[in-house]
Participant: 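There's a structure below that I have some questions on.
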2 protein chains.
Amino acid sequence: MYQLTNSLPYLLNRVGVRMGELFSRRIAGYDVTLPMYRVMAALWEQGDQRLGDLAGMTSIEMSTLSRLIGTMKRKGLVSRTRLKDNARTVAINLTAKGKSLVEELIPIAVHFETVAVREFTTKGVTDLKTTLAEIYVSLGTLEPEIAEAEAQRRASKRQA
Amino acid sequence: MYQLTNSLPYLLNRVGVRMGELFSRRIAGYDVTLPMYRVMAALWEQGDQRLGDLAGMTSIEMSTLSRLIGTMKRKGLVSRTRLKDNARTVAINLTAKGKSLVEELIPIAVHFETVAVREFTTKGVTDLKTTLAEIYVSLGTLEPEIAEAEAQRRASKRQA
DNA sequence: GAACAATATTTGCATTTGCAAATGAAAGTC
DNA sequence: GACTTTCATTTGCAAATGCAAATATTGTTC
């Protein structure tokens with residue numbers, strides 16, 4: 001007998017949402033939203049990214065990210081520069097202000113993680129992370145069957 | 001040296017977003033969104049829920065859920081009835097149509113989970129689920145310090 | 001039992017989101 | 001070198017979201 005509340009997607013989503021919501025509230029005083037933090041932390045780890053790369057890294061949809069980068073630029077947190085050699089791409093970077101802000105926030109994120117995994121051993125934590133990464137990869141397997149479902153959907157829509 | 005991409009929140013969010021996005025696309029042909037599926041699956045597990053309970057169970061914010069239930073009612077998937085004995089609460093239930101639809105979708109969700117954890121042993125999977133549930137609980141510990149951050153925020157706002 | 005506090009849900013409003021189409025720029029192709 | 005194709009990003013538009021305020025109902029206190 002299936003139970004939503006014992007399913008992996010449910011448990012994952014629940015903990016993800018909760019953590020995000022708590023972290024959002026925690027950093028609201030810095031005038032940053034959670035997506036902004038994600039962008040800054042991603043750029044802190046790897047600067048000079050193109051929009052598409054950053055979208056992949058942050059799991060933020062590209063059009064959403066494009067606009068988000070716009071508001072972050074207005075806030076002086078990031079820079080967006082069209083490249084001279086390939087002007088259809090754009091290089092996104094942290095500004096000094098963005099860098100120093102994210103360096104204030106990262107310790108808070110670290111603290112959150114520490115609290116979250118307080119009950120587990122170091123090995124338990126690395127195993128968990130490996131597991132999560134492996135699941136992410138396994139999900140790729142689903143693409144073909146989803147593409148087929150979508151193709152059928154498009155076909156029946158053309159009909160109508 | 002901190003790395004966003006090796007942090008627990010990042011890994012959790014990433015796999016959650018991916019799975020959600022794939023599942024959304026998979027079920028789009030049934031004219032259901034992911035949040036709708038979540039509501040139906042929650043009601044399938046436990047019917048006759050009040051809005052607040054359902055919000056807690058699905059991790060959907062209450063005002064969002066209120067409106068979502070509205071559109072689902074219009075689609076004939078759920079019923080919403082004010083109680084006679086306590087008319088400030090509302091009882092939400094699946095309709096026959098909603099029930100049969102969710103019973104079509106659950107096997108798809110089960111399949112997704114199967115694929116996601118294909119690499120792991122049964123024990124590995126139960127352990128993972130237990131871990132996720134424990135982390136969820138641990139996060140509660142953070143509430144007090146967040147409340148304090150929010151209080152300070154409110155105080156400085158009153159100033160301004 | 002009238003006034004006030006507490007609880008549950010809904011709504012107003014501004015912002016965010018995401019798909020699909022549009023734009024801008026570089027790469028073939030002939 | 002004008003042409004279509006492909007690639008990367010942005011924008012139009014309608015829908016979804018979330019906070020805070022409003023509403024509706026019950027509970028409490030005097």
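Just so it is clear: chains get the letters A, B, ... in the order the sequence lines come, proteins before strands, and each one is counted from 1. Every heavy atom of this structure was used, including side-chain atoms; hydrogens, water molecules and symmetry mates were not.
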Participant: Report which part of the nucleic acid B:Arg25 touches: base, sugar-phosphate, or nothing (heavy-atom distance under 4.0 Å, all strands).
Facilitator: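 Answer is nothing: B:Arg25 stays at 4.0 Å or more from every strand.
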Participant: Side-chain heavy atoms under 4.5 angstrom apart, residues restricted to Ile, Leu, Val, Met, Phe, Trp, Tyr: same cluster for A:Tyr2 and B:Val117?
Facilitator: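 Yes, same cluster.
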Participant: Restricting to nitrogen or oxygen on both sides, can you table the protein-nucleotides 22-29 of chain D pairs closer than 3.5 Å?
Facilitator:
{"from": "D:dT25", "atom 1": "O2", "to": "B:Arg88", "atom 2": "NH1", "distance (Å)": "3.3"}
{"from": "D:dT26", "atom 1": "OP1", "to": "B:Ala87", "atom 2": "N", "distance (Å)": "3.1"}

Participant: Provide, to the nearest angstrom, the distance between the CD atom belonging to B:Glu21 and the P atom belonging to C:dT17.
Facilitator: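 Distance check: B:Glu21 CD to C:dT17 P gives 15 Å.
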Participant: Nearest whole angstrom, please: distance from the C1' of D:dT9 to the CG of A:Leu68.
Facilitator: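 After rounding, the gap between these two atoms is 15 Å.
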Participant: If I take atom CH2 from residue B:Trp44 and atom CG from residue B:Leu105, how far apart are they, to the nearest 0.5 angstrom?
Facilitator: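 Reported to 0.5 Å precision, the distance equals 12.0 Å.
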Participant: Would you tell me if any nitrogen or oxygen in the side chain of A:Arg80 comes within less than 4.0 Å of OP1 or OP2 on D:dT9?
Facilitator: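 Checking A:Arg80 against D:dT9: no side-chain N or O falls below 4.0 Å of OP1 or OP2.
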Participant: Can you pull out the residues from residues 60-67 of chain A that lie within a 4.0 Å heavy-atom distance of DNA chain C?
Facilitator: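 A:Glu61, A:Ser63, A:Thr64, A:Arg67, in order of number.
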Participant: Using heavy atoms and a sub-4.0 Å distance, could you list which residues of residues 33-56 of chain B are near DNA chain C? By number, please.
Facilitator: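 B:Arg50, B:Leu51, B:Gly52, in order of number.
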Participant: Could you tell me which residues satisfy salt bridge (charged side-chain N to carboxylate O under 4.0 Å, His left out) with B:Asp127, sequence neighbours excluded, listed by chain and number?
Facilitator: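 For B:Asp127, the residues satisfying salt bridge (charged side-chain N to carboxylate O under 4.0 Å, His left out) (neighbours in sequence not counted) are B:Lys123.
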Participant: Out of curiosity, does B:Leu65 fall in the hydrophobic cluster containing B:Leu83 (side-chain heavy atoms, cut-off under 4.5 Å, transitive links)?
Facilitator: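 No, separate clusters.
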Participant: How many whole angstroms separate atom CD1 of B:Ile69 from atom P of C:dT9?
Facilitator: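 Rounding to the nearest Å, CD1 of B:Ile69 and P of C:dT9 are 11 Å apart.
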Participant: Do the side chain of A:Thr95 and the main chain of A:Gly76 share a donor and acceptor less than 3.5 angstrom apart?
Facilitator: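 Yes: the side chain of A:Thr95 pairs with the backbone of A:Gly76.
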Participant: Verify, without hydrogens or angle tests, whether B:Thr126 (side chain) and B:Thr122 (backbone) share a donor-acceptor contact under 3.5 angstrom.
Facilitator: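 Yes, B:Thr126 side chain to B:Thr122 backbone: donor-acceptor pair under 3.5 Å.
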Participant: Hey, quick one: are A:Tyr10 and B:Val137 part of the same hydrophobic cluster, counting side-chain heavy atoms closer than 4.5 Å, chains of contacts allowed?
Facilitator: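 No, A:Tyr10 and B:Val137 fall in different hydrophobic clusters.
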Participant: Assess whether side chain to side chain contact (heavy atoms under 4.5 Å, CB included) is satisfied between A:Phe23 and A:Tyr37, documenting all intermediate values.
Facilitator: CA-CA 10 Å; A:Phe23 192 69; A:Tyr37 167 74; 3.5 Å; yes
Participant: Grab the N/O contacts between the protein and nucleotides 2-5 of chain C below 3.5 Å, and write none if there aren't any.
Facilitator:
none

Participant: Indicate whether the side chain of B:Thr141 and that of B:Glu143 have a donor and an acceptor atom separated by less than 3.5 Å.
Facilitator: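 Side-chain D/A pair, B:Thr141 to B:Glu143: absent.
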Participant: If hydrophobic clusters are built by linking Ile, Leu, Val, Met, Phe, Trp and Tyr wherever their side-chain heavy atoms come under 4.5 Å apart, do B:Leu142 and A:Val17 end up in the same one?
Facilitator: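 Shared cluster, no.
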Participant: Output yes when a side-chain donor or acceptor of A:Lys97 lies under 3.5 Å from a complementary backbone atom of A:Lys75, and no otherwise.
Facilitator: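 Judged by distance alone, yes, a pair lies under 3.5 Å.
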Participant: Going by the rule side chain to side chain donor-acceptor pair (under 3.5 Å), which residues pair with B:Glu113 if we only count those two or more places apart in sequence or in a different chain?
Facilitator: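 Listed in chain order: B:Lys129.
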Participant: When you measure from the side chain of B:Glu45 to the backbone N and O of A:Thr5, does any donor-acceptor pair fall under 3.5 Å?
Facilitator: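 Present.
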